[in-house]
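Worksheet: one structure, shown below.
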Amino acid sequence: RIVYLNGEYMPEEEAKVSVFDRGFVMGDAVYEVTSVLDGKILEFEGHMNRLARSLAELEMTCDLTRDEWIEIHRELVKRNDLEEGMIYLQVSRGNAGDRDFHYPPEGTPPTVVLYTQSKPNLADDPKAKEGIKVISLPDLRWHRRDIKTVQLLYPSMAKMAAEKAGKNDAWFVEDGFVTEGSSNNVYIVKDNKIITRHLSHDILHGITRASLLKYAAEAQMEIEERPFTIEEAQAADEAFFTSASAFVMPVVEIDGETVGEGVVGPVAVRLREIYLDESRKAAI
Ligand code: PLP
């Protein structure tokens with residue numbers, strides 16, 4: 001695999017980052033994951049806008065232009081013959097020298113890494129037909145979940161806990177209400193209305209979420225942005241989640257209780273179709 005590191009393309013074995021890098025020592029880095037279908041990049045603008053926002057919120061600078069970002073993405077797709085899969089992008093605050101909580105001096109170059117992951121069945125994931133099962137867990141993450149940082153230890157622990165329980169993923173709960181999934185935004189459907197938590201610092205502002213809500217509104221579907229509880233989700237007609245790499249994924253069981261009939265419902269199926277169609281059309 002050919003990866004990108006700080007301005008150069010190289011075989012993955014040659015891509016080395018300093019042990020002093022703040023991404024490594026402090027988790028001081030932000031990232032994006034973008035899907036590729038038919039060799040084209042989905043939701044590029046959305047991911048780049050969120051990257052710019054994450055960097056700004058953390059007072060991190062990276063002087064790559066939009067044109068340079070798109071060129072790197074396309075070059076990696078080309079060099080790796082990527083038809084279907086993901087592109088991972090990470091910007092860390094760079095090599096700070098001796099360990100120090102303070103940020104390194106202005107002008108310290110960030111560390112920029114991008115690589116591809118091939119997933120031949122990304123759009124045709126069999127799990128989308130069966131639906132997935134989730135457990136709920138307390139949301140023990142920090143309170144700026146709107147910034148997409150690489151601090152993913154708790155979500156990793158949650159996914160391991162789900163796996164141990166024989167389920168697929170975890171939904172986080174705070175103050176009695178569902179915030180989001182371990183790596184996705186969550187929704188329920190009741191009487192054909194789509195309900196999803198409103199945007200705030202409590203959740204990541206999903207790029208898939210933004211587009212899906214736009215497409216749903218264009219299709220005259222009713223949407224309500226507000227928090228909901230696990231009990232309300234269990235009693236809903238359908239549940240699903242969205243993320244860049246899973247698109248729209250039906251959820252058929254929460255904490256051992258089936259949602260609706262316990263099978264994939266028509267709203268999730270329709271939304272997945274709409275989302276895949278529209279985002280393929282808009283891919284670049
Ligand atoms: N929420 C969290 C915590 C995530 O990690 C992700 C994706 O990684 C999402 C939501 C979904 O965001 P997007 O649709 O931009 O992938």
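In listed order, ligands and their atoms are each counted from 1.
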Fill in: Connected via hydrophobic side-chain network under 4.5 Å: F24 and V150
no
Worksheet item: Is the ring centre of F177 less than 6.0 Å from the ring centre of F228?
Response: no
Discussion item. Using a 4.0 Å cutoff against the non-hydrogen atoms of I207, which atoms of ligand 1 qualify?
Written reply: 13 (P), 14 (O), 15 (O)
Practice prompt. Look at the side chain of T179 and the backbone N and O of F172, then say whether any donor-acceptor pair between them is shorter than 3.5 Å.
Written response: yes
Fill in: Cluster overlap I207 with L199, hydrophobic side-chain contacts below 4.5 Å
no
Worksheet entry | E43-S211 side chain donor-acceptor pair, cut-off 3.5 Å | yes
Worksheet item: Do Q90 and Y88 have a side chain donor and acceptor closer than 3.5 Å?
Response: yes
Worksheet item: Under 3.5 Å, is there a donor-acceptor pair between the T242 and Y187 side chains?
Response: yes
Worksheet item: How far is atom 8 (O) of ligand 1 from its nearest protein heavy atom, and which residue and atom name does that atom have?
Response: K148 NZ, 2.8 Å
Worksheet item: Where is the nearest protein heavy atom to atom 5 (O) of ligand 1: which residue, which atom, and how far?
Response: S183 CA, 3.4 Å
Discussion item. Less than 4.0 Å is my threshold; does some heavy atom of N185 fall inside it relative to ligand 1?
Written reply: yes
Worksheet entry | Contact atoms of ligand 1, heavy-atom distance to G206 under 4.0 Å | 12 (O), 13 (P), 14 (O), 15 (O)
Discussion item. With a cutoff of 4.0 Å, is H205 in contact with ligand 1, counting heavy atoms of the residue only?
Written reply: no
Item to complete: Considering the heavy atoms of R141, write down every atom of ligand 1 situated less than 4.0 Å from one of them.
Response: 3 (C)
Practice prompt. Note the single closest protein heavy atom to atom 14 (O) of ligand 1, along with its residue, its atom name and the distance in Å.
Written response: T208 OG1, 2.5 Å
Worksheet item: What is the closest protein heavy atom to atom 1 (N) of ligand 1, and at what distance does it sit?
Response: E180 OE1, 2.6 Å
Worksheet item: For D237 and N192, does a side-chain donor sit closer than 3.5 Å to a side-chain acceptor?
Response: no
Worksheet item: In terms of atom number and element, which parts of ligand 1 are under 4.0 angstrom from non-hydrogen atoms of R50?
Response: 12 (O), 13 (P), 15 (O)
Response to the item:
Near A244 (heavy-atom distance under 4.0 Å), the atoms of ligand 1 are 13 (P), 14 (O), 16 (O)
